[in-house]
Amino acid sequence: MRNIAVFLGELQLDTQRKVLEGIAEAAKADGNNTVVYCLTLSKDEEFNIGESAAMQYDDFSIYDGFIIYSESIYSEKIRNIVIDKIRMQNKPCASIDCPIEGMINVSSDNESAMRALSDHLINEHKIKTVNFIGGPEDSIDAVTRKRVFIEEMEKAGLKFDEERYYVGDYYARSGRAAVKYFEKKGLLKADAYVCANDQMALGAFYALGDRGIKVPEDTLMSGYDNIFEAANHYPRITSVSRSEKKIGETAYKNVIKCIEGKKYNPNPVIDSSPVFAESCGCDAVRPVNHRIVVNQYSRNKLREARYAEMISELTIELTTAQSIEDICEYLKPCIPELGGDAFSLLLGDSDTFADPVNGVASGIDYKNGKYKFINNEHIGKRHPRFTQDEGGNLYVMYSIHFRDRFYGLAAIRNSTMPLFSEFYRVLMMTLSSTLEQVYNVIKMRKMIKTLDEMWVFDPMTHVYNRAGFFKFSEEIVAEARKEKEDMFFIFLDLDGLKKVNDALGHEMGDRMICDMADVLRKTRNKDELLMRYGGDEFVVFGKGSTTIAVEEDITRIRRAMSEINEKGDRKYKLDASIGYHMVPYDNEKPLSALIELADQEMYKEKRAKHKR
């Protein structure tokens with residue numbers, strides 16, 4: 001069994017999906033696993049870092065070979081990260097539509113097909129003014145299609161007008177945006193709209209229709225890729241058929257041959273051919289029976305409606321999520337609807353996945369109808385992909401992140417939903433946004449806790465300050481009255497702190513104060529309150545004790561101070577004057593007045609020490 005990792009962007013686009021189908025179907029026939037890393041990138045590099053994190057943190061040594069659809073990964077930075085990481089493995093890799101040194105380079109005959117299409121439009125249909133909707137400028141395919149079209153225009157003695165060029169992103173929205181751009185420029189009227197792919201052509205088609213411009217009556221139109229929607233559209237879109245499934249299959253088979261030490265083709269080229277159809281004024285033959293198209297459309301519509309309803313309901317529930325456990329509980333009933341036989345959501349942080357041996361994660365596992373909640377478990381190398389006795393599976397991996405903040409990964413096995421529905425991507429984004437929401441809730445709780453601690457705790461000694469003491473002491477008073485138990489105050493004042501500050505510095509004086517706090521923290525009983533009353537003064541307050549027991553407490557405090565002094569690792573002697581005051585349970589005096597009574601008892605001892 002072989003395990004092949006595939007890296008591609010924009011899985012929701014028809015071309016990428018068909019390439020992946022070619023890879024996955026060939027791998028399944030051989031009993032091999034395909035693991036797909038989806039990289040839907042943007043112009044925001046911080047977002048791209050998060051989107052690629054699942055891939056970046058993964059252990060590539062578990063794979064036998066790699067396929068990178070380089071042309072579909074629109075960020076050069078992320079593309080180079082993938083390439084560098086693959087090269088470190090020194091294992092066979094195929095690159096699709098983007099030649100990379102040292103790899104098997106699989107390509108389609110992009111140039112010949114585009115030249116034939118361009119020649120047809122220019123010489124057969126006599127177009128002169130063209131609005132060109134191109135793809136991303138770092139896309140080799142997009143650059144080639146534009147270059148070839150310009151060359152064919154120049155051959156015919158025509159000049160390409162750069163004002164009539166719009167840079168798109170291969171999505172239908174770019175087609176709509178392009179029409180709006182040309183309209184604003186006063187360039188809406190043209191002999192033809194030439195688009196770098198069918199998605200943008202369809203977007204432009206409907207945008208033009210909204211403005212009363214008909215295809216092909218008022219303007220001609222062409223696309224590229226011959227996707228199902230364009231091939232079965234009315235009018236059918238003139239395009240180029242690229243045999244994407246064959247491209248994916250060819251990439252896979254040559255990688256496997258290289259792994260097995262067999263002869264392989266290092267530079268296979270797959271033929272492409274123009275499809276002249278109704279959108280440029282030619283007759284068209286429908287590739288699929290109309291009834292089949294209608295049935296498929298209806299089935300897809302029902303499926304998408306079900307997914308939309310599911311994600312809408314989940315989104316409403318997730319707005320109340322306060323923890324990872326909540327997210328997993330809300331997600332659980334949706335998992336079977338995703339269509340795979342296994343699903344895993346692993347959530348942690350960057351440190352978790354950077355150290356897969358010691359890192360811990362939380363989340364949910366689903367396999368063959370059974371669920372398992374993961375709670376701070378060591379993830380090891382347990383990314384939810386394959387085991388030694390399984391083969392022929394397709395795993396689709398997504399990063400769960402908010403911009404560059406990486407929360408974990410989601411993996412699904414043998415589901416068609418990521419391939420055929422954008423709602424899977426929407427689900428991943430919804431989970432990512434919810435994790436950010438939960439992260440902010442947790443962060444806010446920590447901030448509130450910190451602020452609360454700053455209000456009630458002394459920052460140096462980490463025992464209660466006056467505000468904290470008086471906040472929590474009322475509870476002890478109420479319990480003492482209810483249980484009719486007397487209370488007590490022990491008042492302690494450090495001896496010699498001023499001399500230590502003057503002779504050894506305030507840093508050493510602070511250490512002396514902290515030593516005293518540690519002594520009292522260790523010697524007090526469980527339910528007693530400890531407060532730093534002033535600079536060198538401390539108070540212990542409790543209930544249910546007797547005079548004898550309190551005096552024993554004071555003896556224990558003095559013994560603890562002596563033990564510190566006997567160690568000899570301090571430049572000062574830890575000592576204190578101590579007094580106490582017993583309080584009847586039915587006392588009505590304020591606590592501040594009772595503390596002063598204990599303070600007076602302490603001063604009796606301090607004056608006695610001075611007389612010695």
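- With hydrogens and angles left out, the side-chain atoms of Y585 and E483 include no donor and acceptor closer than 3.5 Å.
- The two residues D59 and S61 have their closest heavy-atom pair at OD1-OG, 2.7 Å.
- Proximity of a side-chain donor or acceptor of S433 to a complementary backbone N or O of T430 within less than 3.5 Å is not detected.
- Within the 4.5 Å cutoff, side-chain heavy atoms of I73 are placed close to those of I68.
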Check residues 488-501 and write down every donor-acceptor pair under 3.5 Å in which the side-chain atom is one partner and the other belongs to a residue at least two apart or another chain.
unit_1	atom_1	unit_2	atom_2	d
D493	OD1	K606	NZ	3.0
D495	OD1	S577	OG	3.0
D495	OD1	K606	NZ	2.6
D495	OD2	S577	N	3.4
D495	OD2	S577	OG	3.3
D495	OD2	K609	NZ	2.5
K498	NZ	D502	OD2	2.9

If you apply the rule side-chain contact (heavy atoms from CB on, under 4.5 Å), what do you find for L345 with F343, and how did you get there?
CA-CA 7 Å; L345 180 66; F343 175 87; 4.0 Å; yes
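- In terms of modelled atom types and a separation under 3.5 Å, the side chain of E485 and the main chain of S545 share no donor-acceptor contact.
- Here the closest non-hydrogen pair linking Y170 and L13 is O-CD2, 3.7 Å.
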For salt bridge (Lys or Arg N to Asp or Glu O under 4.0 Å), just list the numbers for E51 and R425, CA-CA rounded to whole Å, side-chain angles, deciding distance to a tenth of an Å, and then say yes or no.
CA-CA 12 Å; E51 182 74 359; R425 172 68 181 157; 3.1 Å; yes
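- Note that R466 lies outside the cation-pi zone of F469, set by a 6.0 Å cut-off to the ring centre and a 45° limit from the axis.
- Residues passing the salt bridge (charged side-chain N to carboxylate O under 4.0 Å, His left out) test with K77, sequence neighbours excluded: none.
- Counting only residues at least two apart or in different chains, salt bridge (charged side-chain N to carboxylate O under 4.0 Å, His left out) contacts with residues 36-46 comprise D44-R403, E46-R403.
- Here the closest heavy-atom approach between residue N368 and residue R413 is recorded as OD1-NH2, 4.1 Å.
- E309 and R306 are not joined by a salt bridge, as no carboxylate oxygen comes within less than 4.0 angstrom of a charged side-chain nitrogen.
- Between S362 and I324, the closest heavy-atom pair is CB-CG2, 4.0 Å.
- The line from CE of M487 to CD of E528 is 13.5 Å long, rounded to the nearest 0.5 Å.
- Heavy atoms from other residues, nucleotides or ligands lying under 6.0 Å from CG of D586 number more than 12.
- The side chain to side chain donor-acceptor pair (under 3.5 Å) test applied to D515 returns R570, Y572, not counting sequence neighbours.
- Proximity of F541 to M531: side-chain heavy atoms (C-beta onward) are nowhere separated by under 4.5 Å.
- For E537 and R532, the salt-bridge test fails: no basic side-chain N is under 4.0 Å from an acidic carboxylate O.
- Atom OG1 of T523 is separated from atom CG of D518 by 10.5 Å, given to the nearest 0.5 angstrom.
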Using the side-chain contact (heavy atoms from CB on, under 4.5 Å) rule, take I86 and D84 through it: C-alpha gap first, then chi angles, then the decisive distance, then the call.
CA-CA 5 Å; I86 289 172; D84 290 344; over 6 Å; no
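- Distance alone, capped at 3.5 Å, is enough to place a donor-acceptor pair between the T546 side chain and the A549 backbone.
- Enclosure of atom CE in M429 is not indicated, since only 12 or fewer non-hydrogen atoms of other residues, nucleotides or ligands lie within 6.0 angstrom.
- Side-chain contact annotation: S562 with N565, donor-acceptor N/O pair under 3.5 Å absent.
- Counting only distance, with no hydrogens or angles, the side chain of D599 and the backbone of I595 share no donor-acceptor pair below 3.5 Å.
- Formation of a donor-acceptor pair under 3.5 Å by the S52 side chain with backbone atoms of M55 is not found in this model.
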Could you walk me through whether L331 and C328 pass side-chain contact (heavy atoms from CB on, under 4.5 Å), step by step?
CA-CA 5 Å; L331 180 63; C328 294; 5.6 Å; no
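- Residues Y307 and S421 form a side-chain contact, since some pair of their non-hydrogen atoms from C-beta on lies under 4.5 Å apart.
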So F7 and I67, side-chain contact (heavy atoms from CB on, under 4.5 Å) or not? Walk me through it.
CA-CA 6 Å; F7 308 89; I67 298 172; over 6 Å; no
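- When side chains are defined from C-beta on, V6 does not count as touching Y69, because their heavy atoms never get closer than 4.5 Å.
- In this structure, S75 OG and F47 CZ are separated by 11.5 Å, a value rounded to the nearest 0.5 Å.
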Take Y424 and Y398, measure what ring pair (Phe, Tyr, Trp, His ring centres under 6.0 Å) needs, and give me the verdict at the end.
CA-CA 10 Å; Y424 190 80; Y398 269 97; 5.7 Å; yes
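- Residues D458 and N465 have side chains that never bring a donor and an acceptor to within less than 3.5 angstrom of each other.
- For Y580, there are no ring-ring contact (aromatic ring centres under 6.0 Å, His included) partners, not counting sequence neighbours.
- Considering only heavy atoms from C-beta on, Q600 comes within 4.5 Å of L597 through its side chain.
- Here E605 pairs with R558 in a salt bridge; the nearest charged N to carboxylate O distance falls below 4.0 Å.
- Heavy-atom minimum distance, R524 versus K526: NH1-O, 3.8 Å.
- Under a 3.5 Å cut-off, the side chain of N587 and the backbone N or O of V583 do not form any donor-acceptor pair.
- You'll find the side chain of I327 reaches within 4.5 Å of the side chain of L318, heavy atoms only.
- Residues S344 and Y366 form no side-chain contact, since every pair of their non-hydrogen atoms from C-beta on lies 4.5 Å or further apart.
- Other residues, nucleotides and ligands place no more than 12 heavy atoms under 6.0 Å from the CD1 atom of I548.
- Here the straight-line distance linking atom CD1 of I49 with atom NE2 of H401 works out to 10.5 Å at 0.5 Å rounding.
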Residue pair F402, Y439: steps toward the ring pair (Phe, Tyr, Trp, His ring centres under 6.0 Å) verdict:
CA-CA 10 Å; F402 188 86; Y439 171 83; 9.3 Å; no
Let's go through Y74 and E10 carefully: what are the C-alpha distance in whole Å and the side-chain angles of both, what is the deciding distance for side-chain hydrogen bond (donor to acceptor under 3.5 Å, both in side chains) to 0.1 Å, and is it a yes or a no?
CA-CA 9 Å; Y74 300 146; E10 319 298 325; 5.7 Å; no
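- Proximity of a side-chain donor or acceptor of Q16 to a complementary backbone N or O of G9 within less than 3.5 Å is detected.
- Take F457 and apply the ring-ring contact (aromatic ring centres under 6.0 Å, His included) test, not counting sequence neighbours, and it matches Y464.
- Nearest heavy-atom pair across K332 and I364 is CB-CD1, 4.1 Å.
- In this structure, K85 contributes its side chain and Q56 its backbone to a donor-acceptor pair below 3.5 Å.
- With hydrogens and angles disregarded, a donor-acceptor distance shorter than 3.5 Å links the side chain of R521 to the backbone of T461.
- M310 has its side chain within reach of L338: a pair of non-hydrogen atoms, C-beta onward, lies under 4.5 Å apart.
- A donor-acceptor contact shorter than 3.5 Å links the side chain of S415 to the backbone of M417.
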